[in-house]
Structures are given as C-alpha cells and as structure tokens.
Student: 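After the structure tokens below, expect a handful of questions from me.
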Amino acid sequence: MAKYRTTFQCPDTGQTVIAHYIFGRVSITPADDDDENPLDEATITYCKKYRGKRFKSFDAADEYIRKVSDGQTFGFEEE
C-alpha cells in the first residue's frame, strides 16, 4: 500500500502542517518543529477540521488537499 505526504502552511496561522493519505483517509497534523513558537490553537483547530475525511480514489483526496491548503500544495507525493 502506497503512502502519500505533503506539507504546507496552515492558511489560518502560517504554521507548517503535514498531510498524509493512506488507506483511503486524509490525516493532517501540525508540524511541531519550532521550539521558539508554540503551536497556535488555530492550527490545531484547522487540522481537526480537515483530517479524517475518507476518499474512494487518490485523485479525489489529492484535489481535496489542494483545496483545503488554499492552493499552497500541488498535491500529495508518494513517500
């Protein structure tokens, strides 16, 4: 089973988030890699709002992530 991944800036806060697509489901999580700036609550809320959506095709998931990223990603790339 192929796994796909992309990263982009949260449209609400500008903090980096990571999206994965595997087993027909999209997950979006904050990239907690900045020790100086703690995660913004709005970033966590954004991730919760858009993660967990199921898709029957990769193309549909790819289109979804481009839309919810506000055009900041070209889509998923295979890991």
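On a predicted model such as this, the values are computed, not experimentally measured, just so you know. Throughout, numbering of the chain's residues begins at 1 and tracks the sequence.
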Student: Return all side-chain donor-acceptor pairs below 3.5 angstrom for residues 70-79, not counting sequence neighbours, or 'none' if the list is empty.
Tutor:
residue, atom, partner, partner atom, Å
Gln72, OE1, Gln9, N, 3.3
Gln72, NE2, Gln9, O, 2.9
Gln72, NE2, Ser69, O, 3.3
Thr73, OG1, Thr6, OG1, 2.6
Thr73, OG1, Gly75, N, 3.2
Thr73, OG1, Gly75, O, 3.4

Student: Can you name the ring pair (Phe, Tyr, Trp, His ring centres under 6.0 Å) partners of Tyr4, sequence neighbours left out?
Tutor: Phe58

Student: Only pairs under 3.5 Å count here: list side-chain donor-acceptor contacts from residues 38-54, not counting sequence neighbours, and write none if there are none.
Tutor:
residue, atom, partner, partner atom, Å
Asp40, OD1, Ala42, N, 2.7
Thr43, OG1, Thr13, OG1, 2.5
Thr43, OG1, Gln15, OE1, 2.7
Thr45, OG1, Glu41, O, 3.0
Tyr46, OH, Val68, O, 2.4

Student: Nearest heavy-atom pair of Ile22 and Ala2: which atoms, and what distance?
Tutor: CG1-O, 4.2 Å

Student: Report the C-alpha distance between Asp62 and Phe55 in whole Å, list the side-chain angles of each, state the deciding distance to 0.1 Å, and finish with yes or no for side chain to side chain contact (heavy atoms under 4.5 Å, CB included).
Tutor: CA-CA 10 Å; Asp62 206 43; Phe55 295 92; over 6 Å; no

